[in-house]
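Single-structure report; data block below.
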Amino acid sequence: MHDLIIIGSGPAGFTAAIYAARANLKPIVLASSVEMGGDLMTTTDVENFPGFPEGIQGPDLMFAMQQQAERFGADVRMQDVTELELDGEVKRVHVGDEVLEARAVIFATGSAYRKLGVEGEERLSGHGVSWCATCDGFFFKQKQLIVVGGGDSAMEEANFLTKFADKVTIVHRSEHFRASEVMLDRSRANERIEFLMNTVVESIDGDAQVNAVTLRDTVSGQVRAMPVDGVFVAIGSDPRTHLVHDKLMLTAEGTIAVDGRTSRTSVPGVFAAGDVIDPTYRQAVTAAASGTVAALDAEHYLTAHAVPVLVASPEEAAL
């Protein structure tokens, strides 16, 4: 029986592991064999995480967090969770044919950006293709960019990117936007933003770096190339909650519901942290802070539900 199992290994999961390990909870971190480190594993320069004035590579930051957690005694395993049993005082986490038992669980599986699914998107990720303007916009000073999407998030990304880029073109597959009128008006009033309606991205082009996109007009079918320096995909993201559907209460946005500013979920002894509870900010530093909250909440829960130590009577001790 373990005190704590942490599912997930992004900034939230590893920060929770650091705090939990320092509290002598000896956490097991199920880091995944595929998604270890979360989205930062596909991010190049991270310049907005406190403590690194010269910036740091995304994978280097995650490996440093892992090493810090392991230094304090966290047991990090590159394994994937296949099933959860969360009811009752004992939580059961299935990892293949193995079942791990714990008194508390922190769920920190993050979110996944929706992707276009076009040629060049994966290959050029971190080399001109991004899903986060606040993370990467700084690297595109005086560049030509496109933002793909038609909702509020696309408008917000485009407006933010005009702080750095010379020109931002919003590419949307329809002539009707899902964005609010306020966000649309703001984007239309921005002289650095242009619009391409009824247009989809067929491919993202370039060898080592993005240098163009291939576009198709959804009305005429015409295909053409457009030179660009970067592509920002803003078609939404999905929290990785497939393991807890029908097990934990979710919000209208599909994230795990927690009690106020705590990490407490609808099931006692189960806590959640990071992007899996955050539909708004989705930053490495906010995820790390959320992981801290989860570890402290789990520690308080385990202390309040401590297993009583049975003291033998003098007669039993003599046997």
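Counting only residues at least two apart or in different chains, disulfide bond (SG atoms under 2.5 Å apart) contacts with residues 52-133 comprise C132-C135. Applying the ring-ring contact (aromatic ring centres under 6.0 Å, His included) rule to pairs touching residues 57-80 yields nothing, sequence neighbours excluded. Sorted by first and then second residue, the ring-ring contact (aromatic ring centres under 6.0 Å, His included) pairs involving residues 215-265 (not counting sequence neighbours) are F140-F232.
Salt bridge D75/R77: present, at least one basic N to carboxylate O contact under 4.0 Å.
Contact between L145 and D229 at its shortest, heavy atoms only, is CD2-C, 4.2 Å. A pairwise comparison of heavy atoms in V201 and V118 identifies O-CG1, 3.3 Å as the closest pair. When all heavy atoms are compared, the tightest approach of V233 to R114 is CG1-O, 3.7 Å. Nearest heavy atoms, A234 versus V147: CB-CG1, 4.1 Å. Nearest heavy atom pair, residue A294 against residue S263, reads CA-OG, 3.2 Å. When all heavy atoms of G221 and R216 are compared, the pair lying nearest together is O-CG, 4.0 Å.
Side-chain contact between R103 and E89 is absent, with no heavy atoms from C-beta onward closer than 4.5 Å. Side chains of R188 and D185 form a contact here, defined as non-hydrogen atoms less than 4.5 Å apart. By the 4.5 Å heavy-atom criterion applied to side chains, N159 and I193 are counted as neighbours. Here the side chains of T255 and L250 are not in contact, with every heavy-atom distance at 4.5 Å or above. Side chains of I6 and L4 form a contact here, defined as non-hydrogen atoms less than 4.5 Å apart. Looking at V99 and V93, their side chains never come closer than 4.5 Å, going by heavy atoms from C-beta outward. Residues K115 and E122 are in side-chain contact: their nearest non-hydrogen atoms beyond the backbone lie under 4.5 Å apart. Here the side chains of V228 and V210 are in contact, with some heavy-atom distance below 4.5 Å.
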Query - Worked verdict on E194 versus K167 for salt bridge (charged side-chain N to carboxylate O under 4.0 Å, His left out) - result: CA-CA 8 Å; E194 295 185 358; K167 177 183 173 183; 3.2 Å; yes
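Classified by interplanar angle (parallel below 30°, tilted 30° to 60°, perpendicular above 60°), the ring pair Y113/W131 is parallel.
Put simply, M183 and F177 are part of the same group of oily side chains (I, L, V, M, F, W, Y) that touch within less than 4.5 Å, one to the next. By the rule that hydrophobic residues join a cluster once side-chain heavy atoms approach within less than 4.5 Å of another member, L100 and V267 end up as members of one cluster.
Under the side chain to side chain contact (heavy atoms under 4.5 Å, CB included) criterion, A212 pairs with D205, not counting sequence neighbours.
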Acceptor/donor pairs from residues 13-24 side chains to any protein atom, 3.5 angstrom cut, sequence neighbours excluded:
from, atom 1, to, atom 2, distance (Å)
T15, OG1, P11, O, 2.6
N24, OD1, K26, NZ, 2.9

For residues 268-282, tabulate all N or O donor-acceptor pairs below 3.5 Å that involve a side-chain atom, not counting sequence neighbours.
from, atom 1, to, atom 2, distance (Å)
D275, OD2, S111, OG, 3.4
D278, OD1, T280, N, 2.9
D278, OD1, Y281, N, 3.0
D278, OD2, Y281, N, 3.3
D278, OD2, R282, N, 2.9
R282, NH1, P279, O, 2.8

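Inspection of the E253 and T251 side chains reveals an N or O donor paired with an N or O acceptor under 3.5 Å. Residues T199 and D217 bring no donor and acceptor atom of their side chains to less than 3.5 Å of each other.
Between H172 and F195, the distance separating the two ring centers is not shorter than 6.0 angstrom.
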